[in-house]
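Below: one structure, written as structure tokens.
Keep in mind that the numbers below use all heavy atoms, side chains included, and drop hydrogens, waters and symmetry copies.
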Amino acid sequence: MPDKFLKPYNPAETETRVYEAWEASGFFNPDNLPENGEPFTIVMPPPNANGSLHAGHALFITLEDILIRFKRMQGYKALWLPGADHAGFETQVVYEKKLEKEGRSRFQMDPKDLYDEIYAFTMLNKTGMEDQIRQIGASCDWSREKFTLDPAVVLDVQKTFVKMFADGLVYRGNRTVNWCPKHQTSLSDVETTNGEETAPLYYFTYGPFTIATARPETKFGDKYVVMHPDDERYAKWKEGDSFEAEWINGPITATVIKDEAIDKEFGTGVMTITPWHDATDFEIAKRHHLPYEQVIDWRGRLLPIAGEFAGMKILDARPKIVEKLALKGLVSKIDDTYRHVAKRCYKCNTFIEPQVKDQWFVKMAPLAQKAMEAVNDGAVRFIPENYEKIFRYWMENTLDWNISRQIVWGIPIPAWFRNRGTDAEESVASLERPDGDGWEADTDTFDTWFSSGQWPLIMTGFPEGKDYATFYPTDVMETGHDLIFKWVPRMIIFGLYLGKKVPFHTVYLHGLVNDAQGKKMSKSKGNVVNPLDLTSKYGTDALRMALVVGNTPGTDLALSEERVKGYKHFANKLWNIARFVLEHTGEADMKTPLVAHDAALRKEAEDLLAEVTKDIEEYRIYLAAEKLYHYVWHEFADKILEESKEILRSSDDEAKASRRAFLVHTLDAFLRALHPFMPFVTEEIWQSLQSKDAAFLMIARWPSS
RNA sequence: GCGCUCUUAGCUCAGUUGGUUAGAGCGUUCGCUUCACACGCGAAAGGUCAUAGGUUCGAAUCCUAUAGAGCGCACCA
């Protein structure tokens with residue numbers, strides 16, 4: 001028995017050494033595996049290279065590594081493809097915060113300089129994160145790693161856009177977008193949050209009508225009142241009737257419009273419209289061919305149309321405008337109990353200002369239709385199953401996807417414009433500048449999800465790479481349940497559009513990792529747990545077990561330090577079991593026939609291993625881990641080892657020989673079974689076992705078929 | 001408003017297709033310097049499975065309603 005077993009298990013001493021040996025062996029790359037089985041592929045959700053690893057990363061790395069190691073031991077060509085995401089807007093926000101702290105602003109910087117700075121920042125973080133992923137024990141193939149801003153990836157993504165343009169699936173749209181005045185970019189619908197708020201609802205006299213509004217500051221240019229065509233209260237007013245009204249900055253002439261978008265029950269059933277700053281109003285204006293004008297600028301300040309209020313921020317202007325209207329006797333009521341839903345930027349919480357803007361949109365309906373059909377045909381399975389409903393809901397209710405972002409940190413949109421802002425405006429998608437004079441390049445970049453949506457294709461080398469032929473479609477997409485609508489549908493859509501096949505057959509969705517009380521971790525609450533602190537304190541294997549035991553898919557996990565500590569004890573237990581077995585067996589004769597009692601115990605163990613195998617195959621990882629833990633500690637150690645002491649002290653040579661073989665065999669089998677969950681301690685012990693039959697436990701045979 | 005999920009021991013959670021006395025970890029109590037391990041061993045206490053109905057030979061598990069929690073969606077200004 002090696003002397004190291006005389007001391008408690010030391011994760012810190014073991015982990016780096018073992019990982020380096022694995023990596024050097026080349027077996028993370030399936031091309032080097034001794035067996036040439038069927039491929040099994042997982043694309044790693046590329047972490048955002050703008051910070052360090054958090055507990056959620058540790059969870060997904062663990063889950064995916066368990067599946068990969070399990071399949072590798074079963075003889076599959078197991079390929080886990082790591083990558084990193086530039087995470088456009090997210091990273092730019094992180095970097096802008098940094099600039100803010102330094103008293104700088106991106107709006108005073110040359111875009112090229114800004115890009116270069118963010119690039120350097122991201123590359124530094126990327127390297128750091130790769131090391132951290134190694135620390136969690138990820139057996140991914142680093143030789144195939146990609147970054148979303150690798151030149152080849154950029155080109156692929158741009159080609160997709162050009163193809164979609166040619167296929168009529170992207171178009172230049174001039175319409176209402178979600179505008180963040182702080183970050184000065186438009187955002188997709190999934191990049192905004194909806195919060196219920198209480199805001200005063202003002203009732204103003206508007207000529208012969210009373211209108212209700214929560215946004216007086218947008219009302220300067222309003223010259224149309226709209227009501228429902230069936231509203232009997234206003235039956236005497238006909239579409240096109242006009243009237244005089246005293247308004248904020250003097251008298252105006254207004255016109256009556258009838259539209260079914262108006263809710264008769266809300267307010268007075270009459271409203272004025274501001275097409276530039278409200279999506280519903282924009283639609284009404286389009287239907288009735290009404291003019292529209294910008295009232296609020298891109299920074300969230302009032303434009304000259306506001307007269308004396310020009311240049312003011314909307315929240316400052318609002319009370320002053322109401323005050324002025326009150327002096328004119330035009331305020332009839334203020335309802336302070338009005339609750340409504342307001343959209344905010346999901347990063348800075350600033351109110352979204354709807355603005356009309358030219359952007360590139362992806363036509364979602366035909367693409368979503370295909371994704372739906374694939375799911376209906378059973379080509380993609382969701383775990384847990386109920387997420388399929390959520391997926392369907394999203395695919396049935398798609399809005400066209402705005403993919404233009406007014407930020408530098410991203411993949412440039414290969415588009416060109418001519419005669420911009422005039423009736424003769426032309427816009428084309430092309431990798432090269434089109435022929436002819438006057439073309440200017442689009443300065444916008446793609447929404448990050450436009451590139452990450454193509455990730456399974458990109459990682460497998462679509463369309464001509466050799467990996468694409470072998471490993472696409474991939475097998476499992478394991479990611480957070482919050483990505484069910486942000487990421488998963490886009491991957492399925494792009495997979496079907498470009499690759500003609502779904503990119504994976506199974507979507508496994510994990511929950512959030514919360515603090516010990518089940519509260520969401522956040523920097524402001526100060527309850528963020530750094531997974532690397534936990535691995536250095538208790539060992540990576542302990543953290544991995546704490547993250548997966550009893551953690552059902554789709555459900556959030558409360559991660560307490562006590563929990564991790566418990567599994568550190570388990571790693572040590574395993575270590576001492578090995579010590580006992582090694583001490584008492586010496587060179588056991590593995591061919592010794594087992595006595596009846598030992599054969600029965602062995603049957604029990606084999607039945608359990610068969611169950612565990614089935615559990616993992618059916619993605620009940622939480623259950624498999626718990627069963628192994630329970631058997632090893634409370635059966636093998638507490639009962640079988642205790643009973644062995646007496647047997648091995650006895651003078652029954654047949655029973656002794658049988659028991660020695662049984663102990664070695666059982667320890668060996670459970671080290672194999674535990675290896676995907678606790679790779680380090682199991683590998684370290686297994687290297688000292690007489691039953692060792694491969695260079696690494698990592699590539700040894702799974703103990704049950 | 002609509003949709004999805006959840007409510008099981010002091011805490012965090014399992015309970016895989018309905019089937020004997022409902023489980024785990026941590027915590028608590030009691031007893032152990034047992035020669036693998038005190039990062040340990042042995043034992044114990046602790047639950048009307050949110051509530052009310054229903055289906056069934058049998059329900060934590062299926063159905064309905066109610067209450068509470070969480071998440072998502074929604075153009076009522």
Side-chain angles (χ1 to χ4, degrees), chain A residues 1 5-9 176 189-190 193-194 199 201-202 211-216 218-219 222 226 228 261-274 277-284 338 340-341 343 354 384 386-394 396-397 399 481-482 484-485 511-512 514-518 520 538-539 542 545-546 549-552 554-584 611 614-615 618-620 622-627 629-630 633-634 637-638 641-642 644-645 649:
Chain A
M1 182 188 75
F5 287 104
L6 297 174
K7 284 182 286 185
Y9 175 59
T176 312
D189 295 288
V190 294
T193 57
N194 302 316
L201 183 66
Y202 304 98
I211 59 158
T213 182
R215 300 210 56 194
T218 62
K219 297 290 166 202
D222 293 8
V226 194
H228 197 281
I262 301 301
D263 180 355
K264 290 186 276 187
E265 308 301 316
F266 186 88
T268 58
V270 184
M271 71 170 195
T272 64
I273 59 164
T274 312
H277 299 290
D278 186 284
T280 309
D281 294 4
F282 182 77
E283 293 303 318
I284 293 173
Y338 174 59
H340 71 140
V341 173
K343 271 191 184 179
N386 63 291
Y387 278 83
E388 187 176 315
K389 285 186 201 162
I390 298 174
F391 180 86
R392 277 172 201 285
Y393 181 87
W394 274 83
E396 283 165 3
N397 296 281
L399 298 168
H481 68 344
D482 52 326
I484 182 68
F485 49 91
L512 294 174
N514 292 323
D515 76 2
Q517 280 74 44
K520 194 170 175 171
Y538 303 108
M545 283 295 275
V549 174
N551 184 7
T552 46
T555 308
D556 295 349
L557 172 77
L559 179 66
S560 68
E561 199 164 325
E562 284 306 309
R563 194 180 162 89
V564 185
K565 198 171 159 189
Y567 293 106
K568 174 189 158 64
H569 296 172
F570 180 56
N572 194 55
K573 187 75 184 179
L574 203 54
W575 190 253
N576 283 295
I577 288 169
R579 175 178 167 179
F580 179 90
V581 172
L582 290 169
E583 260 177 355
H584 288 84
E611 261 183 58
K614 199 169 171 223
D615 285 333
E618 291 171 10
Y619 302 99
R620 291 186 297 266
Y622 59 100
L623 201 55
E626 189 175 335
K627 281 178 182 169
Y629 172 91
H630 198 265
W633 198 317
H634 300 299
D638 289 351
L641 256 50
E642 287 307 319
S644 298
K645 290 175 185 171
R649 263 196 303 251

Using a heavy-atom cut-off of under 4.0 Å over every strand shown, decide if [X] touches base, sugar-phosphate, or nothing.
X	result
A:Ala637	base
A:His340	sugar-phosphate
A:Gly267	nothing
A:Thr552	sugar-phosphate
A:Ile262	base
A:Tyr622	sugar-phosphate

A:Lys264 atom NZ, over 12 foreign heavy atoms within 6.0 Å: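 Counting neighbours around NZ of A:Lys264, more than 12 heavy atoms of other residues, nucleotides or ligands fall under 6.0 Å, so yes.
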Atom [atom1], compared across [N] and [M]: separation rounded to whole Å:
N	M	atom1	answer
B:G18	B:U61	C1'	6 Å
B:U64	B:G70	P	24 Å
B:U7	B:A60	C1'	11 Å

Quickly work out the A:Glu642 CD to B:A36 C1' distance and round it to whole Å.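 Those two atoms, CD and C1', are 9 Å apart.
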Rounding to a whole Å, what distance do you find between A:Leu574:CG and B:G40:C1'?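 So the CG-C1' distance, A:Leu574 to B:G40, works out to 15 Å.
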Between A:Asp638 and A:Thr213, who's closer to the 5' end of RNA chain B by nearest nucleotide?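 Checking each residue's closest nucleotide, the 5'-ward one belongs to A:Asp638.
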For RNA chain B, whose closest nucleotide is more 5', that of A:Asn572 or that of A:Val341?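 It is A:Asn572, whose closest nucleotide lies nearer the 5' terminus.
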Considering only side-chain heavy atoms of A:Glu583, which listed nucleotide, B:A36, B:G72, B:G25, is closest?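 That would be B:A36.
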Kindly point out which of B:G25, B:A14, B:A36 is positioned nearest to the side chain of A:Leu641?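 Nearest to the side chain of A:Leu641 among the choices is B:A36.
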Is there a donor N/O on one and an acceptor N/O on the other, under 3.5 Å, for the side chain of A:Lys573 and the base of B:C39?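 Answer no: no donor N or O sits under 3.5 Å from an acceptor.
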Within residues 557-570 of chain A, which residues have any heavy atom lying less than 4.0 Å from an atom of RNA chain B?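 Contacting residues: A:Ala558, A:Glu562, A:Lys568, A:His569.
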Under-4.0 Å side-chain N/O to phosphate OP1/OP2 contact, A:His634 with B:G25: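 So the side-chain polar atoms of A:His634 do come within 4.0 Å of the phosphate oxygens OP1 or OP2 of B:G25, strictly under.
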Looking at B:C4, I'd like to know if its phosphate oxygens (OP1 or OP2) sit under 4.0 Å from a side-chain N or O belonging to A:Trp394.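 No, no such contact exists.
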According to a 3.5 Å limit on both distances, what stems of 3 or more consecutive Watson-Crick or G-U pairs are formed with RNA chain B?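 Stems (3+ consecutive pairs) listed as B:1-7 with B:67-73, B:10-13 with B:23-26, B:28-32 with B:40-44, B:50-54 with B:62-66.
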